[in-house]
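Reminder, nothing fancy here: chain letters follow the sequence lines and each chain counts from 1.
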Amino acid sequence: MSKIKTPQAIRGTQDIFGADAEAFAFVVETFERVRKLYRFRRVEMPVFEKTEVFSRAIGETTDVVSKEMYSFEDRGGESLTLRPEFTAGIARAFLTNGWQQHAPLKVATHGPLFRYERPQKGRYRQFHQIDAEILGAGEPQADVELLAMADQLLKELGIEGVTLHLNTLGDGDSREAWRAALIEYFAAVRGELSEDSQERLEKNPLRILDSKDPRDRKFVGDAPRIDQFLSDDARAFFDAVTTGLDAAGVKWARAESLVRGLDYYRHTAFEFIPDEGSAAAAALGSQSTILGGGRYDGLMESLGGAPTPAVGWAAGIERLAMLVQAPTDSMTLAIVIEDKELRFNNIGQMMASACRKAGIPTLVYSSGSPKKRYDKALKANPNAIFVLGGPEADGEVARLTIRHPNSPDEDIVAALGHAPMNLMRSVFGVPDAYWQRIVHDGGTVSLLS
RNA sequence: GCGAUCGUAGCUCAGUUGGUUAGAGCGCCGGUUUGUGGUACCGGAGGUCGGGGGUUCGAGACCCCUCGAUCGCCCCA
């Protein structure tokens with residue numbers, strides 16, 4: 001009989017547990033709270049879509065589409081793809097559900113995304129993002145509000161040392177003119193560029209601007225700048241965004257070489273990036289962007305819809321979680337059942353139930369030797385321990401010992417309220433005043449029949 | 001897709017130029033002690049040394065393949 005081999009987890013997936021899971025939840029909870037402050041409406045989206053949703057929206061030549069998608073055929077032979085991002089699916093939903101009627105529509109969501117990449121620090125094949133979009137809003141104030149929300153979120157998460165890097169890619173015409181000028185400029189020095197950038201020259205010349213290779217960097221400084229190609233409208237739009245951010249108290253830095261990888265971006269493009277040398281930068285390894293997005297006025301048309309201006313961002317939950325300290329649950333009550341008689345287990349469960357209904361996180365220890373139970377309870381670092389034991393003196397039916405392993409804690413006394421007190425009174429006839437004093441100071445209650 | 005490092009107990013790791021029966025700490029289980037419980041001590045369970053092949057009298061150590069992990073490149077959140 002051969003031993004069954006335990007299957008391994010899929011490469012690049014994570015089983016998140018413990019402090020990491022708490023940090024993850026803290027990010028999501030904070031996002032949910034902040035998005036409500038800005039009245040973004042919650043949406044739930046499918047995890048997979050027809051492949052064309054992504055290939056048309058994101059662009060066939062992008063890395064995401066050309067080599068990172070999890071695509072498969074369903075039983076009907078249709079090509080489906082696990083979503084590599086939120087925006088394309090939301091745009092599809094906007095069109096197929098007639099959400100034009102709600103425009104301008106502010107929506108927020110979060111969940112898993114999938115990209116077939118080599119995993120490394122802060123990058124996974126299944127990863128998770130929070131996402132916010134404003135659909136059907138062409139005015140720069142939408143960009144400002146969206147960024148103000150992102151800025152507030154990071155502050156409420158307690159993330160320090162991160163700066164909003166902001167750029168404009170101009171409108172469609174500006175972007176094309178700039179792109180043409182960049183190709184002309186870099187083509188002239190083609191042979192001196194890095195191999196990667198010679199490749200980029202064909203596929204995505206804008207990306208040469210933020211190449212890390214020193215062979216490229218020496219040419220980047222003198223490369224044509226978007227500002228030279230901005231139309232009056234595009235310039236006015238960007239000015240409105242920047243002055244709006246100043247008014248909203250959002251700090252930002254101009255990043256002329258910031259371009260975003262996906263085809264659909266127009267006008268505003270931005271990333272929140274840790275400052276060099278900061279603790280955040282160290283925690284993230286080579287991954288720098290924690291939140292990124294921009295305006296995608298052309299996207300709806302690529303999906304066959306009417307021209308619809310929109311702007312949005314997404315942030316990696318794992319990356320944010322690496323930068324936050326989740327608040328720990330402050331108050332815990334541990335109930336240790338010392339006697340092995342079954343009825344003590346039941347009394348312990350009644351006590352726990354009463355305490356939990358009163359809002360106190362409560363743990364019950366009822367397995368292993370009495371000493372082990374107590375030791376385990378101590379390791380949970382509770383504010384108070386109730387030890388429920390059998391009778392030790394004549395006339396006793398049970399005794400309850402209350403201990404404060406750390407220091408006497410007023411809060412837990414207040415938080416307990418009357419629920420356990422009432423329980424003790426009804427089960428054992430303990431007077432209120434006595435209970436109050438015992439809980440407060442620690443000690444033993446003798447429970448008489 | 002490319003590169004570097006790594007893979008020994010549940011966890012963190014030792015394991016000497018290849019040489020008897022593969023070790024420690026923590027954790028887990030059991031017990032003793034401490035006369036009021038987080039300590040200390042004793043004992044126990046737990047390993048096909050990631051998997052496969054090769055070299056050798058002999059491989060956890062060396063070689064090849066493979067899977068996985070970590071970090072970096074590309075790209076991205």
Exercise. Is a side-chain N or O of A:R373 found less than 3.5 angstrom from the main chain of A:Y365, in a donor-acceptor match?
Worked result: no

Problem set entry | Side chain of A:V387 - closest among B:G37, B:G72, B:C75 | B:G37

Exercise. A:N383 side chain to A:T332 main-chain N or O, any donor-acceptor pair under 3.5 Å?
Worked result: yes

For this session: Please state the P separation for the pair B:G60 and B:G51 - nearest whole angstrom.
Result: 11 Å

For this session: Would you say whether A:Y374 stacks on B:G38? The test is a distance between ring centres of less than 5.5 Å and an angle between planes of less than 30°.
Result: no

Exercise. For the pair made of NZ in A:K203 and P in B:C75, what is the distance, rounded to whole Å?
Worked result: 8 Å

Exercise. Taking atom P of B:C73 as reference, at what distance in whole Å does atom NZ of A:K121 sit?
Worked result: 13 Å

Exercise. Rounded to the Å, how far apart are A:F270 CZ and B:C76 C1'?
Worked result: 15 Å

For this session: Assign A:F272 to base, sugar-phosphate, or nothing according to its heavy-atom contacts below 4.0 angstrom with the strands shown.
Result: nothing

Exercise. Just checking, is any N or O donor in the side chain of A:S197 or A:D216 under 3.5 Å from an acceptor N or O on the other one?
Worked result: yes

For this session: Using the P atoms only, state how far B:U5 lies from B:G43, rounded to an integer number of Å.
Result: 43 Å

Exercise. When the C1' atoms of B:A45 and B:C28 are considered, how many whole Å apart are they?
Worked result: 9 Å

Problem set entry | Length of the line joining A:R125:CZ and B:A77:C1', which is rounded to integer Å | 17 Å

Seminar exercise, completed: As its Watson-Crick or G-U partner within any shown strand, both distances under 3.5 Å, B:U55 has none

For this session: Would you tell me whether A:T163 and A:D275 have side-chain atoms, one donor and one acceptor, within less than 3.5 Å of each other?
Result: yes

Problem set entry | P gap between B:A69 and B:C62, integer Å | 23 Å

Seminar exercise, completed: The nucleotide from B:A77, B:C73, B:G38 with an atom nearest the side chain of A:D375 is B:G38

Exercise. How many Å lie between CG on A:D216 and P on B:C73, as a whole number?
Worked result: 15 Å

Exercise. With both distances under 3.5 angstrom, what nucleotide forms a Watson-Crick or G-U wobble pair with B:A4?
Worked result: B:U70

Problem set entry | Of the listed nucleotides B:C75, B:G37, B:A77, the one nearest the side chain of A:L378 | B:G37

Exercise. Got a donor-acceptor contact below 3.5 angstrom from the A:S211 side chain to the A:D213 backbone?
Worked result: yes

Problem set entry | Ring-face cation of A:R260 near A:Y265 (centre distance under 6.0 Å, axis angle within 45°) | yes

Exercise. Which whole number of Å gives the distance between the C1' atom of B:G50 and that of B:G72?
Worked result: 24 Å

Seminar exercise, completed: Using Watson-Crick geometry (N1-N3 plus N6-O4 or O6-N4) or G-U wobble (N1-O2, O6-N3), each under 3.5 Å, B:U32 is paired with B:A40

Exercise. Given the C1' atoms of B:U33 and B:A40, what is the spacing between them in whole Å?
Worked result: 8 Å

For this session: Just compare B:A77, B:A69, B:C71 and give me whichever is closest to any side-chain atom of A:T289.
Result: B:A77

Exercise. Quick one: the side chain of A:E68 and the base of B:G1, do they pair up donor-acceptor inside 3.5 Å?
Worked result: no

For this session: Tell me what A:G285 touches on the nucleic acid: a base, only sugar-phosphate, or nothing, going by heavy atoms under 4.0 Å.
Result: sugar-phosphate

For this session: Look at atom CD of A:E301 and say whether more than 12 heavy atoms of other residues, nucleotides or ligands are closer to it than 6.0 Å.
Result: yes

For this session: Figure out the CZ/P separation between A:R118 and B:G68, and round it to whole Å.
Result: 10 Å

Exercise. A:K376 has a side chain; which of B:C29, B:C73, B:A77 sits nearest to it?
Worked result: B:C29

For this session: Would you mind pulling out the nucleotide paired to B:G47, Watson-Crick or G-U wobble, both distances under 3.5 Å?
Result: none

Problem set entry | Partner nucleotide of B:C26 by Watson-Crick or wobble geometry (both distances under 3.5 Å) | B:G10

Exercise. Nearest-Å distance, CD (A:Q287) to C1' (B:C73)?
Worked result: 11 Å

Problem set entry | Per A:R260 side chain, nearest of listed nucleotides B:A77, B:C75, B:G37 | B:A77

For this session: Could you measure between the two P atoms, the one in B:G53 and the one in B:G31, and give it in whole Å?
Result: 45 Å

Problem set entry | Distance, P atom - from B:C11 to B:U48, rounded to whole angstrom | 13 Å

Exercise. What is the nucleic acid contact for A:R115, judged by heavy atoms within less than 4.0 Å: base, sugar-phosphate only, or nothing?
Worked result: base

Exercise. Given atom CZ of A:R373 and atom C1' of B:U36, what is their separation to the nearest angstrom?
Worked result: 18 Å

Exercise. Among B:U36, B:G72, B:C76, which is the nearest nucleotide to the side chain of A:R403?
Worked result: B:U36

